[in-house]
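We number each residue from 1, following the sequence as shown. This structure is a prediction, so every number in the text was calculated from the model and none was measured. What you see below is based on every heavy atom in this structure, not just the backbone, and it leaves out hydrogens, waters and symmetry mates. All ligand and atom numbering here is 1-based and tracks the order in the structure.
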Amino acid sequence: MFNQYIQVTRSSMPNFEEYIEEIRELWGSHWLTNMGVKHQRLEEELIKYLEVPNAALFTNGHLALECAIAAMNLAGEVITTPFTFISTTHAIVRNGLTPVFCDIDPKTYTIDVNKLESLITEKTSAIVPVHVYGNVCDVNAIEEIAKKYNLKVIYDAAHAFGATVNGRGIATYGDASMFSFHATKVFNTIEGGAITYNDSKLTKVLNELKNFGITGQESVEYIAGNAKMNEFQAAMGICNLRHVDEEIQKRKVVVDRYNERLSGVNGIKLSKTREGIKSNYAYYPVVFDGYKLSRDEVTELLKSENIYARKYFYPLTNEFECYKNKFDCGQTPIAKYISDRVLTLPLYADLSLEDVDTICDIILR
Ligand code: T4K
């Protein structure tokens, strides 16, 4: 048994002195939030790193997604998947829109593009696909469908920071992408998030939506909340961005070891990456399907050894109390099947290969 808990993930942090150095000037300026110098710098650096024309920072990924949806002036129905964190569905509903749940592809767990078109009605205004676990959606098929029906595409890319498709940054697909910079993510700003987007005309509205709808010192043109990233968050981001490539590389080593130990085992299914994708190794989902132990038994077994794997994403979002009488999870049977069997194993840059081996030994013995 591990003496210390092994959690599903552990925040990446810069060297303490590096962060202190980064925030030192804030004691001189006393400018702590409301789009200060650190905020501006992180935004510029992310535009370069993600190779996107525009980026807007937010206090967290959820509010970023809510504001992106609001900025697009959508109406009616939005097609999405229930195999995600509750945030995705909430962001649609809190904008007064109706989510329409599409099933997922059984290999990548992303939206099944073969089922998407049949869900489009005259009320559909957008698609919100999820790059779940950092597994990239079939972005080209989604683009084609969106073009054909004149739909907006806003990716929930909360998990996909740094992933690329044939060398092209994931954030360049669709009208916009939301990234979460939560402490549990590959790249973090403690709490935080961003919207990357193609149309520069959205800059003004996104900046207003995160700042109460204020359009001038004496004018407020619409009703909005507060979703600004503060200077301490941005400073954390500036530091973590310097190390993110190294972090991803270290995660790859951990994932390679899991793959080595768990692939080919009867009853254990590992998720597949599409051709041409460079992964960011955000999560390590394992599906227990016909294994000698059920997913829940493996969860308990690991827990008894102080290892805390997590059932991301169980239940489906359309099964939660607040939605279950409105939606039928039977309409997304593959999502339901995977959700009932999936477990995400511990994964972080500093997880030792020895610990990975111990986790695998416990599962396999
Ligand atoms: N869309 C998707 C697809 C998402 O997955 C998320 C967030 C969002 C949208 C919304 O983005 P944000 O608004 O959060 O930026 C966590 C995260 O809070 C959440 O960000 C994440 N997805 C979701 C999948 O997981 P919990 O409730 O499972 O986190 P918690 O507190 O149990 O932490 C998990 C483990 O992480 C801990 O056991 C240890 C480690 N940890 C946690 C924290 C808080 C750290 O090492 N450091 C920390 O500071 O939700």
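- Only the side chain of Gln7 comes within 4.0 Å of ligand 1, judged by heavy-atom distances.
- A donor-acceptor pair shorter than 3.5 Å cannot be found between the side chains of Ser271 and Tyr283.
- At a 4.0 Å cut-off, not a single heavy atom of Glu191 sits close enough to ligand 1 to count as contact.
- Atoms of ligand 1 lying under 4.0 Å from any heavy atom of Ala158, numbered from 1 in the order shown and given with element: 1 (N), 2 (C), 3 (C), 4 (C), 9 (C).
- Every atom of ligand 1 is numbered from 1 in the order shown, and the set under 4.0 Å from a heavy atom of Lys185 is 7 (C), 19 (C), 20 (O), 21 (C), 22 (N).
- Which parts of ligand 1 touch Met178 is read off a 4.0 Å heavy-atom cut-off, strictly below it: atoms 1 (N), 9 (C).
- If you check the side chains of Glu221 and Thr215, you find a donor sitting under 3.5 Å from an acceptor.
- For atom 20 (O) of ligand 1, the choice among His182, His159, Arg310, His90 with the nearest heavy atom turns out to be His182.
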Decide yes or no on ring pair (Phe, Tyr, Trp, His ring centres under 6.0 Å) for Tyr173 and Tyr155, but give the supporting numbers first. CA-CA 8 Å; Tyr173 291 90; Tyr155 282 103; 7.3 Å; no
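- Residue contacts with ligand 1: Phe58 is excluded, as none of its non-hydrogen atoms falls under 4.0 Å.
- Those atoms of ligand 1 with a heavy atom of His62 less than 4.0 angstrom away are 10 (C), 11 (O), 12 (P), 13 (O).
- Checked by distance only, ligand 1 and Phe313 stay at 3.5 Å or farther apart across all their nitrogen or oxygen atoms.
- Across Val132, Ile86, Thr184, heavy-atom proximity to atom 36 (O) of ligand 1 is greatest for Thr184.
- No donor-acceptor contact under 3.5 angstrom links the side chains of Asp296 and Thr299, judged on distance only.
- Between the Gln233 side chain and the Thr59 main chain, a donor and an acceptor come within less than 3.5 Å of each other.
- Residue Ser87 approaches ligand 1 through these ligand atoms, each under 4.0 Å from one of its heavy atoms: 8 (C), 9 (C), 10 (C).
- Residue contacts with ligand 1: Gly192 is included, with a non-hydrogen atom under 4.0 Å away.
- Residues Ile214 and Glu208 approach most closely at O-CG, 3.5 Å, considering heavy atoms.
- Here Tyr49 and Phe161 bring their ring centres to under 6.0 angstrom of each other.
- In this pair, Trp27 and Phe232 present their aromatic rings perpendicular. The plane angle is above 60°, beyond the 30 to 60° band.
- His159 and Phe313 have their aromatic ring centers within a separation under 6.0 angstrom.
- At the top of the distance list for atom 4 (C) of ligand 1, counting protein heavy atoms only, stands Phe85 CB, 3.4 Å.
- The residue from Ala64, Ala160, Ser180 that puts a heavy atom closest to atom 11 (O) of ligand 1 is Ser180.
- Residue contact check: Ala183 has heavy atoms under 4.0 Å from atoms 48 (C), 49 (O) of ligand 1.
- When heavy-atom distances to ligand 1 are checked against a 4.0 Å cut-off, Thr84 comes that close only through its side chain, counted from C-beta outward.
- Note: no N/O pair closer than 3.5 Å links Tyr283 and ligand 1 by distance alone.
- The closest approach between a heavy atom of Tyr308 and any atom of ligand 1 is not below 4.0 Å.
- Contact between Tyr312 and Val342 at its shortest, heavy atoms only, is O-CG1, 3.5 Å.
- The presence of a protein heavy atom under 4.0 Å from atom 47 (N) of ligand 1 is confirmed.
- Atoms of ligand 1 lying under 4.0 Å from any heavy atom of Arg10, numbered from 1 in the order shown and given with element: 46 (O).
- Ring orientation note: the planes of His62 and His90 are nearly perpendicular, at an angle over 60° on the 30°/60° scale.
- Side chain to side chain, Asn34 and Lys228 meet the donor-acceptor criterion of an N or O pair below 3.5 Å.
- Among all protein heavy atoms, the one lying closest to atom 45 (C) of ligand 1 is Ser11 OG, 3.4 Å.
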